[in-house]
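Below is one structure, written out as structure tokens; the observations come after it.
No hydrogens, no waters, no symmetry mates; every other heavy atom, side chains included, goes into these values.
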Amino acid sequence: MLPHDLFSGASAADSGGPASPLLNNLNAEQLAAVTLPAGNALILAGAGSGKTRVLTTRIAWLLQTGQVSAGGILAVTFTNKAAKEMMTRLTAMLPVNVRGMWIGTFHGLCNRLLRAHWKLANLPSTFQILDTQDQLSAIKRLMKQFNVDDERFPAKQTQWFIAGAKEDGLRPGDIEARSDDDRKKVELYQLYEEQCQREGVVDFGELMLRSYELLRDNDPVREHYQRRFRHIMVDEFQDTNRLQYAWLKMLSGHTAAGGHFTPGEHNSVIAVGDDDQSIYAFRGARVGNMTDFVREFNVRHQIILEQNYRSYSNILDSANQLISNNKKRLGKNLRTDQGPGEPVRVYESPTDLAEAQWMVEEMRQLTRDGFDRKEMAVLYRSNAQSRVIETALFNASVPYRVYGGLRFFERAEIKHALAYLRLLENKDDDTSFLRVVNFPPRGIGARTLESLQDAARAAGRSLHDAVSAVGGKAGANLTAFVAKIDVLREQTQGVSLREIIELVLDHSGLVEHYKADREGADRIENLDELVNAAESFVTQEGFGRDAVALPVDELRQSPASQGLDPSRPVLDEPLAPDAETGETLSPLAAFLTHAALESGDNQAQAGQDAVQLMTVHAAKGLEFDCVFITGMEEGLFPHENSLSDFESLEEERRLMYVAITRARKRLYLSHSQTRMLHGQTRYNVKSRFFDELPESALKWLTPKNQGFAPSAFGYGGGYGSTRGGSGAYGGGGGYGGGNRYSAGGSSAGKDTFASPPVPPQKAAPSHGLRSGMQVFHNKFGEGTVTALEGTGDDARAQVKFARHGVKWLALSVAKLTPV
DNA sequence: CTAAGACGAGTTTTT
DNA sequence: CTCGTCTTAG
């Protein structure tokens, strides 16, 4: 029976209609994917091929045709954004009970499992989650305590080792140490584990690994979930690491565990991914999981989505030809009905500054052509490249937004506040304890803390519990701190989340401390924002799905548990009085989880029509009308660290593939002959990737130079080498003169500049502000320029803000964008 | 305890 | 060059 036969039969019975509107406008491959029969399948989804649509429609279709109830669905993604997107689209498609489904990130779902089975997972019910920062400080603390030479074993490296081991699903005992250094690292890993266990905290890797082990070691639990999740869907499968793969295997019943092999016939796993977009090997992702999946899950249906709905064919041809240079591929070619569109424009500049200025001019033209600024993206390989571009945009008064950097919940003041909150939940969280024990300062110095740590270690207790062991004045300060925390904990019982946070902000002295600080205004504002975040968390999310534990009664009532030996507890608290209502976390605990698992938006400058700046990695999953890929130079893109081996060079190529496929209408590739890097000017050769693009799709805006000849240059040999024609290196002001900018002077003979050449810029950059101008500031919002003075770096502007009054701002520091 | 200065590192990153 | 971290002096 064909998949759609199956469907139409079911839907006819249900709604009387001939076919569900759900399936309208799907192409043949999409339709096949959506209506796949039960069983494991791999969907190879090219960029822009409607992957998310297929995934969500599949779920809706399964539900609508009654093949599964909401409770039988599990969909897992990598980012909260993707998970949210799925939920939103799904609810738009069907009036469905999203609550019953498990849709979330790997870590979110693991957290959910561990919250529900904390006892079996050997965790305290109040366990806290360490983010990467917390993890690093925990490791530093540990290494100091055990007098580990941090020259030989940098904390960062230890962290990397531990995280890497967990990604591979390895406990200290599973690691074969070959060298003394390795043995030491394994020992540190072991000690770190003990420390975390003692403190009741888990890091991101632990969330995954612990829930994997929970399933592996508890037959009833595993079998319950295996029975429950009949349809498992995995997004971005090419990004899964070893452990995540094993986790999926365990959950779907495709593995023998604890001697009880559970046949997987109940469960269908649909893996959706694109091997050509695998760009996260450096953090443990294993593309090989895709072929392993086909083999080990006995995949019989493979569907390739190649029809692209995003870009014109010049762009797609470029992407296709580039990626065809990779040897290790499953094989896929994007196609479109949209026609060729405009050529891909290539620009060469003498300096990185000139590259940026050209780009600004081009953007101006694009704006005149009717493109929104938010539809223009500048992509670069590494963050350091954003600086010149930002400067150019700033000087030209073009609003822009940079992705990346600290997110809301990662800011220092927020972490401080959260640390207090965490201590209320879990007094043994030493990382949080140390973060705030002397912040704001309360006379507790390094020496005091050392003796406290010694005492705690000797007694095998947490820092909180060991304060009484320290005497003297310092001891009194410590006792006062602990008393303050304990009192706060009392005071916050039965109080709303908002009030808890307000109490903590008041009594911790944080707000007061920042008030005394001349530059503390921003921080106070962020702390206020934390209250808002908590408020909207409670109202909007109803504690957030990630944090809500599995309703306890669900497991008990499931037919699965009925045959179980009653003496064998399936649940942590099967008979608790509140079991009937479903055990949920306290609002505070839920909020803390939310903060750890969802670090919040970058700096959502919502509404601003601004040019988008980001790394290529950050651009994955996004799309724009106009895309500039900058710094297309050997050593930068592909990155020098990736030139030496085949595998990572292929990953660089995939990265380029991702970058190209972000563009809908216009694509620009630019490279510069020289570039400031690490305070030195580097001479760069244009990227080898240019030679892998179809000439017919390109338009050279500047005279085309000799291509890169990989065989002629050894690794790194490209720098400082000369190229045909130019020979002008070292000529200083010589570049950019005359011929290079003359319109139509291209050797290809077919180009004219889309915009007038950039005049050589004078040293003093103009800030482009005028009195009376409406401007936008990240912190203060909108305002009016009331006065200007000074030039260059000393330039200042007086701005009257709607909400924050009149302020003088140094333009070299403050980011003001015209509205 | 704070502030200034030395020092070193410097792809990519979500949870 | 430029940022963050660590050390040292007051």
Side-chain angles (χ1 to χ4, degrees), chain A residues 76-83 104-111 129-137 140 144 150-151 154-157 160 163 166-167 202-209 211 235-236 239-241 243-244 278-285 352 379-388 391 403-407 409-410 412 438-448 474 477 516-517 546 593-600 602 614-621 631 635-643 648 651-652 654-656 658-659 675-682:
Chain A
V76 60
T77 64
F78 276 87
T79 64
N80 290 301
K81 202 177 154 204
T105 63
F106 275 104
H107 294 86
L109 298 182
C110 286
N111 173 63
I129 299 167
L130 295 187
D131 68 13
T132 318
Q133 284 178 45
D134 299 330
Q135 187 188 31
L136 184 64
S137 60
K140 279 185 180 162
K144 197 172 267 177
D150 55 356
E151 299 272 294
K156 275 253 171 66
Q157 208 176 297
W160 185 79
K166 290 190 184 185
E167 277 157 9
V202 297
D203 59 42
F204 289 133
E206 188 69 24
L207 231 31
M208 268 315 309
L209 184 49
S211 78
D235 192 18
E236 305 279 16
D239 288 339
T240 51
N241 60 35
L243 176 57
Q244 284 156 341
S278 161
I279 55 173
Y280 285 112
F282 70 92
R283 68 177 196 210
D352 48 356
L379 310 187
Y380 34 79
R381 176 66 240 266
S382 63
N383 286 303
Q385 289 168 252
S386 76
R387 186 172 218 89
V388 216
T391 310
Y403 279 64
L406 275 194
R407 271 102 45 94
F409 287 113
E410 292 166 355
N438 198 36
F439 194 94
R442 42 177 77 89
I444 299 169
R447 178 159 296 167
T448 310
N477 289 341
D517 186 346
D546 272 348
T593 301
H594 167 79
L597 252 28
E598 209 163 329
S599 18
N602 229 357
M614 67 194 82
T615 63
V616 181
H617 281 94
K620 189 169 160 218
L636 246 194
F637 200 3
H639 196 272
E640 51 191 324
N641 297 357
S642 308
L643 297 176
S648 44
E651 179 145 322
E652 293 288 306
R654 292 192 290 268
L655 200 49
M656 182 64 192
V658 168
R675 186 174 294 276
M676 259 314 226
L677 197 65
H678 304 334
Q680 282 184 331
T681 303
R682 283 184 21 169

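In this structure, CG of D150(A) is placed 13 Å from P of dG8(B), rounded to the nearest angstrom. Per the geometry, CG belonging to L243(A) stands 15 Å off C1' belonging to dT14(B), to the nearest Å. Look at CE on M676(A): it is 19 Å from P on dG10(B), rounded to the nearest Å. Between the CZ atom of F409(A) and the C1' atom of dT14(B) there is a distance of 16 Å, given to the nearest Å. Here the P atom of nucleotide dT11(B) and the NZ atom of K620(A) are 22 Å apart, to the nearest Å. The distance from atom CD of Q680(A) to atom P of dG10(B) is 16 Å, rounded to the nearest whole Å. Protein atom CD of E151(A) is 9 Å distant from nucleotide atom P of dG8(B), rounded to whole Å.
Distance from the side chain of Y280(A) is smallest to dT13(B) among dT12(B), dT13(B), dT15(B). Among the nucleotides dT13(B), dT11(B), dT15(B), the one closest to any side-chain atom of H617(A) is dT13(B). The side chain of F204(A) has dT15(B) as its nearest neighbour among dT13(B), dT15(B), dT11(B). Comparing dT11(B), dT15(B), dT13(B) by their closest approach to the side chain of A618(A) singles out dT13(B). Comparing dT15(B), dT12(B), dT14(B) by their closest approach to the side chain of F282(A) singles out dT12(B).
Using a 4.0 Å cut-off between charged side-chain N and carboxylate O, D131(A) and R407(A) make no salt bridge. E652(A) and R381(A) are joined by a salt bridge, as a carboxylate oxygen and a charged side-chain nitrogen come within less than 4.0 angstrom of each other.
Syn is the conformation of dT11(B), whose glycosidic angle sits no further than 90° from 0.
The side-chain contact (heavy atoms from CB on, under 4.5 Å) with F106(A) is formed by just one residue from the set V76(A), L207(A), N111(A); it is V76(A).
Here G445(A) lies in heavy-atom contact (under 4.0 Å) with sugar-phosphate atoms only. Using a 4.0 Å heavy-atom distance criterion, E652(A) is classed as a base contact. Residue I444(A) is classed as a sugar-phosphate contact, given heavy-atom separations below 4.0 Å to backbone atoms only.
M676(A) is not listed as a side-chain neighbour of V388(A), based on a closest heavy-atom distance of 4.5 Å or more.
Between T79(A) and H678(A), the one whose closest nucleotide on DNA chain B sits nearer the 5' end is H678(A). Annotation: of the two residues near DNA chain B, R442(A) and F78(A), the 5′-most nearest-nucleotide partner is R442(A).
Within the structure, a side-chain polar atom (N or O) of R387(A) is placed less than 4.0 Å from OP1 or OP2 of dC3(C). Contact annotation: K140(A) reaches the phosphate of dC6(C) (side-chain N/O to OP1 or OP2, under 4.0 Å). Put simply, N438(A) has a side-chain N or O that comes within less than 4.0 Å of OP1 or OP2 on dC1(B). Phosphate proximity of dT15(B) to T132(A): absent, as no side-chain N or O sits under 4.0 Å from OP1 or OP2. Put simply, R407(A) has a side-chain N or O that comes within less than 4.0 Å of OP1 or OP2 on dT15(B). The phosphate of dT12(B) has OP1 or OP2 within less than 4.0 Å of a side-chain N or O from N383(A).
If you take atom C1' in dT14(B) and the same atom in dC3(C), they sit 23 Å apart, rounded to whole Å. The separation of dC6(C) from dT11(B), taken at their C1' atoms, amounts to 25 Å, rounded to a whole angstrom.
Using cut-offs of 30° and 60° on the angle between ring planes, the pair F282(A) and H617(A) is perpendicular.
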